[in-house]
Amino acid sequence: MPRPGSAGDPLWYKRAVIYELPVKSFYDANGDGIGDFPGLLEKLDYIEALGVTCLWLLPFFPSPLRDDGYDISDYCNVHPSYGTLDDFRRFLDAAHERRLQVVIELVLNHTSDQHPWFQRARRAPAGSVERDYYVWSDAEDRYRDARIIFTDSERSNWTWDPVAQAYFWHRFFHHQPDLNYDNPTVLQEVLRVIDFWLDLGVDGFRLDAVPYLIEREGTRCENLPETHAVLKAVRRHVQARVPRGMLLAEANQWPADVRAYFADGDECQMAYHFPLMPRMFMGLHLEDRHPIVEIMQQTPAIPETCQWALFLRNHDELTLEMVTDEERDYMHLAYSADAQARINLGIRRRLAPLVGNNRRRIELRNSLLFSLPGTPILYYGDEIGMGDNTYLGDRNGVRTPMQWTGDRNADFSRADPARLYSPVIMDPIYGYRGINVEAQERDASSLLQWMRNLIGLRKLFPAFGSGSLEFLEPANRKILAYVLRYGPDAILCVANLSRSVQPVELSLSALVGLTPVEILGYTDFPVVSEQPYFLTLGPYGFYWFELQRRDV
Ligand code: GLC
Ligand code: CA
């Protein structure tokens with residue numbers, strides 16, 4: 001029987017603040033150089049004090065780790081480097097006791113080529129149910145209209161298998177064969193995996209790479225109706241077992257295409273807003289609100305029970321798939337002049353280095369992340385302004401050990417430094433001696449303390465996350481201003497996207513008589529009148545105002 005999750009609120013994910021982390025990078029309790037579940041358990045105090053309400057764990061299952069665990073060889077176990085299933089259970093119970101939800105990865109699209117399903121398939125007779133767990137072809141000529149995603153490392157979506165004497169289909173690395181959802185047995189297997197983790201008590205799944213589940217000749221093999229039918233079946237199954245179980249779609253697509261993953265509220269409850277992410281960076285570099293406003297205006301309404309997942313950075317490169325060619329060139333010019341920072345179509349850098357380690361720019365980007373409509377996802381380490389190491393290969397440069405103190409190995413592990421799964425960041429600006437949790441806990445004006453405050457404030461006002469969005473159109477385009485409304489509550493957000501002081505006149509005729517109270521300092525501003533509301537904002541400054549009705 002499923003164990004009850006800790007979420008009392010059926011729409012918990014709409015009010016959540018999510019913290020994304022790889023178990024291997026967080027804290028190493030047994031000193032073997034690799035982070036583990038007992039280590040994560042020890043650090044729950046830190047996570048609770050940060051104020052986030054939900055953890056999203058990157059893949060922690062048995063795997064040859066050729067795609068950092070997205071190449072799974074056993075869906076129902078824990079990679080021995082990270083601990084045991086019992087360690088996972090202990091961690092999950094402890095997280096739930098603290099009212100933290102836990103979302104794990106469900107990699108539906110593909111397995112590792114080491115998975116027993118693939119090993120059996122390649123040896124099974126062509127046409128058998130076992131062979132058809134995957135997608136095969138005698139020639140490389142099928143599904144020619146499907147793009148290649150890992151353009152730096154793969155030349156084709158087909159790879160020859162000498163055992164099967166056939167080509168198998170893969171949208172990602174050639175060691176990650178795609179599962180075949182035209183075979184109903186495959187979905188049955190996946191539903192068993194879902195039950196396994198739901199019964200342990202997880203609160204939701206991030207559905208990795210969902211647009212690619214089904215292939216059809218003559219299409220791009222993305223977002224097909226048959227793929228949505230599979231996802232609806234997954235949702236029905238989850239819903240029946242754990243009604244509060246949340247599905248988060250990873251669909252790196254345009255808003256109109258992502259909209260379909262919410263369906264009528266009967267598919268995924270959440271989906272990432274991929275196109276917004278680069279536009280937050282673009283708007284800030286251009287010092288113009290246009291890219292942000294435009295993409296939000298193109299974003300269709302979603303069902304009441306659904307929610308966008310917003311992020312600035314994650315474990316992958318900053319993807320530039322959902323921008324035009326011109327915009328991509330611009331982003332590379334602005335953010336990855338150093339070619340070492342580029343991978344596939346994106347930029348493999350963390351937040352702080354992307355913005356030149358400028359504290360005001362970090363704060364401004366977070367103010368957007370935490371106030372635009374959706375649930376914010378914070379990537380581990382970005383709350384202390386961690387740096388990256390673009391020389392580590394693939395996307396490993398943004399997956400280095402969490403920096404706890406200025407001691408050896410950043411106090412991530414007691415292992416010999418040579419034994420760590422990855423070197424810690426050591427450069428003079430972002431190195432662990434300067435950037436670490438301990439130092440920032442002692443410093444009242446550190447980024448960490450600022451982030452804790454912001455997260456706490458965000459949780460006080462349901463208009464964040466659940467409110468409706470209306471942009472204002474002041475003449476000064478360096479200013480981004482919007483009103484969030486939730487029932488009788490209203491919040492006004494004003495951000496200066498530029499490096500210099502800016503004046504702005506806002507027409508707030510719908511808010512006349514209300515008193516704006518600046519939320520970070522709890523400071524009263526003049527009552528809104530029929531006149532344009534005049535504000536000045538410092539470089540990269542932003543205001544969040546609660547609009548209070550004061551009866552005289
Ligand atoms: C998703 C993951 C990425 C992984 C890929 C293939 O895009 O975020 O890290 O490499 O799927 O599984
Ligand atoms: Ca360990």
Colleague: Would Arg206 and Glu105 pass as an ion pair if we require N to O under 4.0 Å?
Modeller: yes
Colleague: Any salt bridge between Arg220 and Asp145, counting N to O under 4.0 Å?
Modeller: no
Colleague: Taking all non-hydrogen atoms of both residues, which atom of Phe88 and which atom of Val78 are closest, and how far apart?
Modeller: CB-CG2, 4.0 Å
Colleague: Can a side-chain donor-acceptor contact be found between Thr159 and His170 if the only test is distance below 3.5 angstrom?
Modeller: yes
Colleague: I'd like to know if the side chain of Asp257 and the backbone of Gln253 have a donor-acceptor N/O pair within less than 3.5 Å.
Modeller: no
Colleague: Stepwise, does the side chain to side chain contact (heavy atoms under 4.5 Å, CB included) test hold for Leu368 with Phe370?
Modeller: CA-CA 5 Å; Leu368 301 181; Phe370 281 83; over 6 Å; no
Colleague: Taking side chain as C-beta onward, heavy atoms only, is Ile491 less than 4.5 Å from Phe464?
Modeller: yes
Colleague: Does atom CD (Glu326) have a neighbourhood of more than 12 heavy atoms from anything else shown, all under 6.0 Å?
Modeller: no
Colleague: For the side chain of Arg259 and the backbone of Ala263, is there at least one donor-acceptor N/O pair under 3.5 Å apart?
Modeller: yes
Colleague: Phe172 and Tyr212: aromatic ring centres closer than 6.0 Å?
Modeller: yes
Colleague: Using the benzene-type ring in the case of Trp, are the ring centres of Phe118 and Tyr133 under 6.0 Å apart?
Modeller: no
Colleague: Just by modelled atom types, is the Ser367 backbone N or O under 3.5 Å from a matching donor or acceptor in the Ser371 side chain?
Modeller: yes
Colleague: Answer yes when Glu222 and Arg171 have at least one side-chain N-carboxylate O distance shorter than 4.0 Å, and no when they do not.
Modeller: yes
Colleague: Apply side chain to side chain contact (heavy atoms under 4.5 Å, CB included) to the pair Val230 and Leu187, showing each step before the final yes or no.
Modeller: CA-CA 8 Å; Val230 171; Leu187 182 59; 4.0 Å; yes
Colleague: Looking only at side-chain N and O atoms, does Glu327 offer a donor or acceptor that is under 3.5 Å from a partner on Thr324?
Modeller: yes
Colleague: May I ask you to decide if Gly69's main-chain N or O and Asp67's side chain share a donor-acceptor pair within less than 3.5 Å?
Modeller: no
Colleague: Consider ring-ring contact (aromatic ring centres under 6.0 Å, His included). Of Phe37, Phe60, Tyr82, which one does Phe91 pass it with?
Modeller: Phe37
Colleague: Do His110 and Asp71 get their side chains close enough for a donor-acceptor pair, meaning under 3.5 Å?
Modeller: no
Colleague: Does Glu473, at its CD atom, have more than 12 non-hydrogen atoms belonging to other residues, nucleotides or ligands within less than 6.0 Å?
Modeller: no
Colleague: Using ring centroids (six-membered ring only for Trp), state whether Tyr143 and Trp169 fall under 6.0 Å.
Modeller: yes
Colleague: Are His115 and Tyr134 close enough that some pair of their side-chain heavy atoms sits under 4.5 Å apart?
Modeller: yes
Colleague: Checking Asp178 against Asn109: is there a side-chain donor and acceptor pair closer than 3.5 Å?
Modeller: yes
Colleague: Does either side chain, that of Glu20 or that of Asn314, offer a donor lying less than 3.5 Å from an acceptor on the other one?
Modeller: no
Colleague: Could you check whether any side-chain heavy atom of Ile72 comes within less than 4.5 Å of a side-chain heavy atom of Ser112, counting everything from C-beta outward?
Modeller: no
Colleague: Ring pair (Phe, Tyr, Trp, His ring centres under 6.0 Å) between Tyr380 and Trp56: does it pass, once the steps are laid out?
Modeller: CA-CA 10 Å; Tyr380 88 100; Trp56 154 27; over 10 Å; no
Colleague: Minimum heavy-atom separation for Trp12 to Asp203, with atom names?
Modeller: CZ2-O, 3.4 Å
Colleague: Before accepting this row, confirm whether a basic side-chain N of the pair Arg66/Asp394 lies closer than 4.0 Å to the acidic partner's carboxylate O.
Modeller: no
Colleague: Taking 4.0 angstrom as the limit, do Arg349 and Asp388 come out as a salt bridge?
Modeller: yes
Colleague: Please report whether the ring centroid of His174 lies less than 6.0 Å from that of Phe168.
Modeller: no
Colleague: Keeping the roles fixed (side chain from Asp74, backbone from Pro62), state whether a donor-acceptor pair exists under 3.5 Å.
Modeller: no
Colleague: Using side chain to side chain contact (heavy atoms under 4.5 Å, CB included), reason through Met280 and Leu372 one step at a time and then give a plain yes or no.
Modeller: CA-CA 11 Å; Met280 289 195 266; Leu372 284 168; 4.2 Å; yes
Colleague: Less than 3.5 Å apart, which donor and acceptor atoms pair up between the side chains of residues 294-302 and the rest of the protein, not counting sequence neighbours?
Modeller:
| from | atom 1 | to | atom 2 | distance (Å) |
| --- | --- | --- | --- | --- |
| Thr299 | OG1 | His273 | NE2 | 2.9 |
| Thr299 | OG1 | Ile295 | O | 2.6 |

Colleague: Counting only N and O atoms by type, is there a donor-acceptor contact under 3.5 Å from the side chain of Arg313 to the main-chain atoms of Asp316?
Modeller: yes
Colleague: Can you sort out the partners of Arg236 under salt bridge (Lys or Arg N to Asp or Glu O under 4.0 Å), two or more places apart, ordered by chain and number?
Modeller: none
Colleague: Hey, do the aromatic rings of Tyr70 and His315 have their centres closer than 6.0 Å?
Modeller: yes
Colleague: Looking at Leu492 and Leu472, what are the two nearest heavy atoms and their distance?
Modeller: CD1-CD1, 3.8 Å
Colleague: Spell out, as yes or no, whether a donor-acceptor pair under 3.5 Å connects the side chain of Arg241 to the backbone of His237.
Modeller: no
Colleague: Check salt bridge (Lys or Arg N to Asp or Glu O under 4.0 Å) between Asp182 and all other residues, then give those that pass, not counting sequence neighbours.
Modeller: Arg216
Colleague: With distance as the sole criterion, is a donor-acceptor pair present between the side chains of Thr227 and Tyr181 under 3.5 Å?
Modeller: no
Colleague: Looking at Arg131, is its backbone amide N or carbonyl O close enough to the side chain of Trp136 to form a donor-acceptor pair, meaning the two atoms are under 3.5 Å apart?
Modeller: yes
Colleague: Side chains of Gln269 and Gln307: donor-acceptor distance under 3.5 Å anywhere?
Modeller: no
Colleague: Side chains of Gln176 and Asp113: any donor to acceptor distance under 3.5 Å?
Modeller: no
Colleague: Got a sec: does the CG of Asp264 have more than 12 other heavy atoms crowding it under 6.0 Å?
Modeller: no
Colleague: Quick one, Met322 with Leu276, criterion side chain to side chain contact (heavy atoms under 4.5 Å, CB included). Give me CA distance, side-chain angles, the key distance, then yes/no.
Modeller: CA-CA 9 Å; Met322 294 305 128; Leu276 173 63; over 6 Å; no
Colleague: When you compare the side chains of Gln101 and Thr53, does any donor N or O come within less than 3.5 Å of an acceptor on the partner?
Modeller: no
Colleague: Which atom names give the shortest non-hydrogen contact between Asp489 and Pro462, and what distance separates them?
Modeller: OD2-CG, 4.3 Å
Colleague: Quick one: does any side-chain atom of Asn366 pair with a main-chain N or O of Leu369 as donor and acceptor, under 3.5 Å?
Modeller: no
Colleague: Just by distance, no angles: are the side chains of Thr111 and Tyr75 close enough, under 3.5 Å, to form a donor-acceptor pair?
Modeller: no
Colleague: Where do Arg147 and Asn252 come nearest, in terms of heavy atoms and distance?
Modeller: NH2-O, 4.3 Å
Colleague: Mind checking whether Phe61 and Trp197 have parallel, tilted or perpendicular rings, split at 30° and 60°?
Modeller: perpendicular
Colleague: Answer yes if the side chains of Tyr261 and Asn223 hold a donor-acceptor pair under 3.5 Å, and no otherwise.
Modeller: yes
Colleague: Is it true that a side-chain atom of Thr375 and a backbone atom of Tyr13 form a donor plus acceptor pair closer than 3.5 Å?
Modeller: yes
Colleague: Are Lys232 and Glu267 ion-paired here, with the side-chain N under 4.0 Å from a carboxylate O?
Modeller: yes
Colleague: Identify the residue among Trp254, Trp308, Phe311 that makes a ring-ring contact (aromatic ring centres under 6.0 Å, His included) with Phe274.
Modeller: Phe311
